[in-house]
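Every chain is numbered from 1 and lettered A, B, ... according to where its sequence line falls, protein lines coming before strand lines.
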There are 2 protein chains.
Amino acid sequence: MRQLGSAQPTAVELEILRILWELGPSPVREIHRRLNEAKGTNYSTTVKMLSVMLTKGLVKRDERATPHVYRAALTRERAGKTFLRDLIDKVYDGSAMSLVLQALANGKATQAEIDEARRLLDEMEGQP
Amino acid sequence: MRQLGSAQPTAVELEILRILWELGPSPVREIHRRLNEAKGTNYSTTVKMLSVMLTKGLVKRDERATPHVYRAALTRERAGKTFLRDLIDKVYDGSAMSLVLQALANGKATQAEIDEARRLLDEMEGQP
DNA sequence: GAAGGGTAGCGAAACCTTTCGCTGACTCAA
DNA sequence: TTGAGTCAGCGAAAGGTTTCGCTACCCTTC
């Protein structure tokens, strides 16, 4: 059984989250308009994706309203943090410093810059 | 048809790339040892994944050697850049500055820090 | 109450990734 | 030559994501 809180959004799911982050809580029709604009998706598909995301806990919905209003269950900030952490884990074996060093590698970076970057990344990682 | 150069490595593919980045060019047996260690994968699976990755252009192999030697077709640096760009595109709608601002948002950041971070990210993005 | 439009949901198909059984080739030693 | 071991590859199954057809349920409005 997949842990509810730890599910990484898939490509389309992320696209929907992005729309919700931009629009704020919205009815399906609104979300669909955007998604269809971007990639010609069928209305049924949008509804299905939202229902899948609901069971995964990626979105929440207010059923009292008609039409139902959906909203993202995580913030853009949290998603960003998670993805960045994931990137560091998957590409740099968990070493944030590796990424920083690599980033500065071909450029001309002072020690001050490196320290600065380190602090920035520490903040991004958040506190476990 | 999927563009060869633009294929984003999947989870297992990335795990294999990570092994190759660490070990350098290696025979299947070596790669398999690591992969199996990490997640108990069958030998056949490792071979198959490598063959899939070969057709996708993610790895190259020297068939003159016996056993065949595989090596990553992209560097860790390039993969990191691509993933970071992808993260920015998918989560922050392509605005690197959004990510930086968000990262600094809850912390207490000086203007100097922000400028620093901007420069860092510019470098990470590479020059189109 | 019948027709039409907006809304919601289910189940199955289509597609991609990941897994592995099975097979064959090749090498080395007895 | 035969048997044991290593290496490579194919095809199909298993599992997850994404797609959509079809159905049903409200509301209006006639």
query: Whole Å only: how far is the CD atom of A:Glu13 from the P atom of D:dT18?
result: 6 Å
- prompt: If you group Ile, Leu, Val, Met, Phe, Trp and Tyr by side-chain heavy-atom gaps below 4.5 Å, do A:Val52 and A:Ile19 land in one group?
  reply: no
Pair A:His68-A:Leu54, side chain to side chain contact (heavy atoms under 4.5 Å, CB included): steps then yes or no: CA-CA 12 Å; A:His68 297 174; A:Leu54 189 65; over 6 Å; no
task: Show your working on salt bridge (Lys or Arg N to Asp or Glu O under 4.0 Å) between B:Lys90 and A:Glu15 and close with a plain yes or no.
output: CA-CA 7 Å; B:Lys90 293 218 176 114; A:Glu15 220 158 332; over 6 Å; no
task: Taking only the side-chain nitrogens and oxygens of B:Thr10, find out if one of them lies under 4.0 Å from OP1 or OP2 of C:dT18.
output: yes
- request: Considering just the side-chain nitrogens and oxygens of A:Lys56, establish if one lies under 4.0 Å of OP1 or OP2 belonging to D:dT17.
  value: yes
- request: Measure from the side-chain heavy atoms of B:Met49 and tell me the nearest of C:dT18, C:dC20, D:dT19.
  value: C:dT18
query: What is the nucleic acid contact for B:Ser51, judged by heavy atoms within less than 4.0 Å: base, sugar-phosphate only, or nothing?
result: nothing
query: Are any of B:Arg29's side-chain N or O atoms less than 4.0 Å away from OP1 or OP2 of D:dC7?
result: yes
query: B:Leu58 CG to C:dT17 P: how many Å, rounded?
result: 10 Å
message: For a quick check of understanding: with a heavy-atom distance under 4.0 Å over all strands, which category does A:Val12 fall into, base, sugar-phosphate or nothing?
response: sugar-phosphate
task: Output yes when at least one side-chain N/O atom of B:Arg61 is less than 4.0 Å from OP1 or OP2 of D:dG9, else no.
output: yes
message: By the 4.0 Å heavy-atom rule, please label B:Val28 as base, sugar-phosphate, or nothing.
response: sugar-phosphate
- prompt: Rounded to the nearest Å, what distance is computed from the CG atom of residue B:Asn42 to the P atom of nucleotide D:dA14?
  reply: 15 Å
message: How many whole angstroms separate atom CG of B:Leu35 from atom C1' of C:dC20?
response: 14 Å
field: Presence of B:Thr45 side-chain N/O under 4.0 Å of C:dC20 phosphate oxygens OP1/OP2
entry: yes
query: Does the salt bridge (Lys or Arg N to Asp or Glu O under 4.0 Å) test come out yes or no for A:Arg34 and A:Glu22, once each step is laid out?
result: CA-CA 11 Å; A:Arg34 294 298 197 93; A:Glu22 198 194 324; 3.5 Å; yes
